[in-house]
Chemist: 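There's a structure below that I have some questions on.
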Amino acid sequence: MDQFRNHPLYGRHDIESVMSSLWKFYKKKFVVLIIFSFLVSLLIQYLSLTFNFNELQTITDPVEMMEKFQGLMWPMIVILLVNLFFTTVLQYYVIFNPLDSNTTIFNSFYKSLKYIIPYIILMILFVFFASAAAIIGLAALIVGVFFTMLYVFTLGLFLLPLLMIEGPTSEMPLAGPSGSLTETSGQTSDGWQYLF
């Protein structure tokens, strides 16, 4: 944790100072980040071509449609895992590159592997939490689902960075710090979500 004292995002920030610090980093590393994101998008698009969505639109029998969806389950899980892996690689690069100039996008591939299993476990737990929050929001009011999911999504933005900072062996980084990062400036955080 001491190594992060030199990080540009270390210290007390409000949402605007965090966004301006990230913007400076993105401007400096724009070429690497845009090429990496473009290549990952192409890979995800290529993997998505395994689905024949036109065939699904022609099916009218619900039982037959469920059978088709069951056949698509594993390719969808593979795409999800590939997406989570590249998200972990990108987050690792964004967090550790300002601290160590030897951290490149290429060595981030193998260095971020120690975070992928805890991140997948956290995402599974997070989906259950988000589903419960959506049901509560639905029970309160239909519009409540939107605001509940927006808040839960904002909490989820901090999962992977906290996991990397605290380490993969830390106990549940999602419970305390992530909530405290979004509680105090919820309206500002919602504003940034609307903007992006």
Chemist: Considering only heavy atoms from C-beta outward, does the side chain of Phe96 approach that of Ser108 to under 4.5 Å?
Modeler: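 Result no, sub-4.5 Å side-chain heavy-atom pair not found.
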Chemist: Between Asn102 and Asn107, which heavy-atom pair has the shortest distance, and what is it?
Modeler: O-ND2, 2.8 Å
Chemist: How close do Tyr93 and Pro98 get, counting heavy atoms only, and between which atoms?
Modeler: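 Looking at all heavy atoms of both residues, the shortest contact is O-CD, 4.2 Å.
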Chemist: Please tell me whether Val127 and Met76 are part of a single hydrophobic cluster in this structure, the criterion being side-chain heavy atoms less than 4.5 Å apart.
Modeler: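 Shared cluster, no.
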Chemist: Do the side chains of Tyr119 and Met123 get nearer than 4.5 Å, heavy atoms only?
Modeler: yes
Chemist: Is the shortest heavy-atom distance from the side chain of Ile44 to the side chain of Val40 under 4.5 Å?
Modeler: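 Yes, their side chains come closer than 4.5 Å.
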Chemist: Angle class for the Tyr92/Tyr115 ring planes (parallel below 30°, perpendicular above 60°, tilted otherwise)?
Modeler: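 Because their plane-to-plane angle lies in the 30° to 60° range, the rings of Tyr92 and Tyr115 count as tilted.
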Chemist: Do the ring planes of Phe85 and Phe109 sit parallel (below 30°), tilted (30 to 60°) or perpendicular (above 60°)?
Modeler: tilted
Chemist: When rounded to the nearest 0.5 angstrom, what distance separates CG in Leu42 from OG in Ser37?
Modeler: 11.0 Å
Chemist: Would you call Phe128 and Ile124 a side-chain contact if the rule is heavy atoms closer than 4.5 Å?
Modeler: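 A side-chain contact under 4.5 Å exists here.
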Chemist: What pairs with Lys68 under salt bridge (Lys or Arg N to Asp or Glu O under 4.0 Å), at least two apart in sequence or on another chain?
Modeler: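 With sequence neighbours excluded, Lys68 shows a salt bridge (Lys or Arg N to Asp or Glu O under 4.0 Å) to Glu55, given in chain and number order.
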Chemist: Applying a strict under-4.5 Å side-chain criterion to I, L, V, M, F, W and Y, I'd like to know whether Leu81 and Met73 cluster together.
Modeler: yes
Chemist: Report whether Ile117 and Leu90 are members of the same hydrophobic cluster (ILVMFWY, side-chain heavy atoms less than 4.5 Å apart, transitive linking).
Modeler: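 Yes; Leu90 is reachable from Ile117 via cluster members.
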Chemist: Could you report the tightest heavy-atom contact between Ile59 and Met65, atom names first, then the distance?
Modeler: O-CE, 3.4 Å
Chemist: If Ile, Leu, Val, Met, Phe, Trp and Tyr residues are connected whenever their side-chain heavy atoms lie under 4.5 Å apart, and connections chain through other members, are Leu122 and Leu80 in the same group?
Modeler: yes
Chemist: Work out which heavy atom in Thr103 is nearest to a heavy atom in Asn97; give both atom names and the distance.
Modeler: O-ND2, 2.7 Å
Chemist: Around atom CE of Met66, are there more than 12 heavy atoms of other residues, nucleotides or ligands at under 6.0 Å?
Modeler: no
Chemist: Taking atom OG of Ser112 and atom OH of Tyr110, what is their separation to the nearest 0.5 Å?
Modeler: 10.5 Å
Chemist: Just say parallel, tilted or perpendicular for the rings of Phe36 and Phe86, cut-offs at 30° and 60°.
Modeler: perpendicular
Chemist: To the nearest 0.5 Å, what is the distance between CG (Leu47) and CG (Asn83)?
Modeler: 10.0 Å
Chemist: Kindly compute the distance separating CG (Leu125) from CD1 (Ile120), expressed to the nearest 0.5 Å.
Modeler: 12.5 Å
Chemist: Let me check something: do Ile34 and Leu43 share a hydrophobic cluster, defined by ILVMFWY side-chain heavy atoms less than 4.5 Å apart, either directly or through other members?
Modeler: no
